[in-house]
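For the numbers below, each heavy atom of this structure counts, side chains included, while hydrogens, waters and symmetry mates do not.
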Amino acid sequence: MTQLTITAPDDWHLHFRDGDMLNETVPATARCFKRAIVMPNLLPPVRNKREALAYRERILAATPPGSDFQPLMVLYLTNETTPADIHEAISREIPAAKLYPAGATTNSDSAVSAIEALYPVFGAMSNAGMLLLIHGEVTAPEVDIFDREKLFIEQHLDPIHQRFPDLKIVFEHITTADAADYVVAANSNVAATITPQHLLLNRNDLLVGGIRPHNYCLPVLKRNSHQRRLQEVVASGSPKFFLGTDSAPHTKHTKETACGCAGCYSAWGALELYTQVFDDLDALDKLEGFASFYGADFYGLKRNQSNVTLTREAWTMPSEITLSNGDSIVPFYAGQTLNWRLA
């Protein structure tokens, strides 16, 4: 096969950041995705309808002329979020709210410290049809970082799902066999996104031969047995798993520090990276469902009507991307060869 044409895909989890960074991140995503779920962990976070729609306007201003790209906004749940905030915000432009345990990832200091206290909010979301997106890690300092996801399932995710079985939950950027197996076994209201880095890499790619800061993300890369399980579920064609890059840009100098930022900027070659994975798994026939159908179906949105075409063509991911202010970003898979390219 030298060409592959699929329905235009969507990215159901990414970070655009804000300000001047939008002029890089928005066009990079709009080149191949029709819609994207935009994470709200700015400083300050996107906590209500007014802030969400204002952020949406800034994103649209950075969208290339003539593009029909649609950003889909997300509320950032805090300890102060109320059911009234949910009822005010629910709309086509704001289909979801995000649960970050406090301290779990970049800009999560304003996040939730007492998850059970938000149960009235989850009830309002269930009644209103707003999706709950979850960064599923416990953050207690005594918990090993490689066990955070598994313990979150036991301590928080399963109790939420049992209490609110009609609430649609997306378990974001899953990294473990435990998470994959939980999603498979749960009812049809639980699904998950999977990133390119967690399909392509494992913790050896972060730690062996020296620490590689541009492969550092949260949740952190896990052992290869977990990587293989994630590959199995996407190759199975299960509609419970769909594309969410978790593309998260940081400048080179903030990644290459004594305490480097977490996040992989994959937008520059996102669809090509996933195509490489499915090709390596001999599952190219499952790519369209994962990239273009299952996320839209779970969110209750229409599938895209246009197509994109990928060509089997070797190319090298740039080693750096220069921003308008002179800073640079090292993209995920920098300097490495990919075998598929968006035509």
Side-chain angles (χ1 to χ4, degrees), residues 1-16 22-39 53 55-74 91-96 131 133 170 191 193-196 199 234-235 237-247 265-279 281 283-313 315 317 331-332 338-343:
M1 181 185 294
T2 59
Q3 279 196 339
L4 177 65
T5 297
I6 63 172
T7 300
D10 304 302
D11 188 344
W12 299 101
H13 180 117
L14 60 69
H15 301 262
F16 279 143
L22 295 177
N23 293 321
E24 159 59 30
T25 57
V26 176
T29 289
R31 75 184 182 94
C32 63
F33 295 114
K34 289 293 184 183
R35 294 171 291 207
I37 285 286
V38 182
M39 291 296 104
L53 295 182
Y55 185 29
R56 183 175 183 270
E57 289 304 309
R58 299 196 295 276
I59 293 167
L60 289 173
T63 302
S67 172
D68 58 356
F69 173 74
Q70 299 178 51
L72 300 173
M73 311 313 293
V74 178
S91 64
R92 183 179 62 183
E93 293 83 10
I94 311 173
L131 279 72
L133 316 183
V170 182
T193 55
I194 304 182
T195 75
L199 290 167
V234 300
S238 169
K240 284 179 157 253
F241 302 93
F242 43 85
L243 187 156
T245 61
D246 195 21
S247 182
Y265 182 52
S266 57
W268 245 68
L271 187 57
E272 293 93 334
L273 289 161
Y274 282 112
T275 306
Q276 183 77 54
V277 170
F278 280 80
D279 193 12
L281 295 172
L284 281 173
D285 61 317
K286 303 299 195 302
L287 175 65
E288 186 175 40
F290 176 83
S292 310
F293 294 162
Y294 304 150
D297 295 347
F298 192 77
Y299 273 78
L301 301 173
K302 291 182 178 180
R303 296 176 178 181
N304 295 317
Q305 298 301 303
S306 57
N307 296 329
V308 298
T309 297
L310 294 123
T311 301
R312 190 183 290 276
E313 174 190 346
W315 63 286
M317 186 73 72
F332 179 64
L338 289 161
N339 296 324
W340 289 90
R341 191 163 204 165
L342 190 65

Sequence neighbours left out, what passes side-chain hydrogen bond (donor to acceptor under 3.5 Å, both in side chains) with [X]? Give chain and number order.
X      : result
Thr5   : Thr309
Thr245 : Asp11
Thr193 : Glu172
Tyr294 : none

For the atom pair [atom1] ([X]) and [atom2] ([Y]), what is the distance rounded to the nearest 0.5 Å?
X      : Y      : atom1 : atom2 : answer
Phe332 : Met317 : CZ    : CE    : 8.0 Å
Leu287 : Thr7   : CG    : OG1   : 10.5 Å
Met39  : Leu14  : CE    : CG    : 7.5 Å
Thr275 : Ile6   : OG1   : CD1   : 6.0 Å
Leu342 : Leu271 : CG    : CG    : 6.0 Å

| said: Could you work out, with ring-ring contact (aromatic ring centres under 6.0 Å, His included) as the rule, every residue matching Phe290, not counting sequence neighbours? | reply: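 In terms of ring-ring contact (aromatic ring centres under 6.0 Å, His included), with neighbours along the sequence ignored, Phe290 is linked to Tyr274, Phe278.
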| Tyr299: ring-ring contact (aromatic ring centres under 6.0 Å, His included) partners, not counting sequence neighbours |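 With sequence neighbours excluded, Tyr299 shows a ring-ring contact (aromatic ring centres under 6.0 Å, His included) to Trp12, given in chain and number order.
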| Glu272: partners by salt bridge (charged side-chain N to carboxylate O under 4.0 Å, His left out), with sequence neighbours left out |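 Result, salt bridge (charged side-chain N to carboxylate O under 4.0 Å, His left out) vs Glu272: Arg31.
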Close side-chain approach of [X] and [Y], heavy atoms under 4.5 Å:
X      : Y      : result
Met1   : Asp279 : no
Val308 : Pro9   : yes
Asp10  : Ile37  : no
Val170 : His13  : no

Who are the side chain to side chain contact (heavy atoms under 4.5 Å, CB included) partners of [X], not counting sequence neighbours?
X     : value
Asn23 : Ala62
Ser67 : Ala30, Thr63, Pro64, Phe69
Asp68 : Lys34
Gln70 : Arg35

| task | For Trp315 and Gly269, work out which heavy atoms get closest and say how close. | result |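 Heavy atoms of Trp315 and Gly269 come nearest at CH2-CA, 4.3 Å.
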| message | Tell me the closest heavy-atom pair linking Val26 and Phe16, and the distance in Å. | response |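 Heavy atoms only, the tightest pair is CA-CE2, 3.7 Å.
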Quick one: does any side-chain atom of [X] pair with a main-chain N or O of [Y] as donor and acceptor, under 3.5 Å?
X      : Y      : answer
Asp246 : Thr195 : no
Gln276 : Asn339 : yes
Ser238 : Phe241 : no
Trp340 : Leu273 : no

| Applying salt bridge (charged side-chain N to carboxylate O under 4.0 Å, His left out), which residue pairs with at least one partner in residues 292-303 are found, sequence neighbours left out? |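 Sorted result for residues 292-303: Asp297-Arg303.
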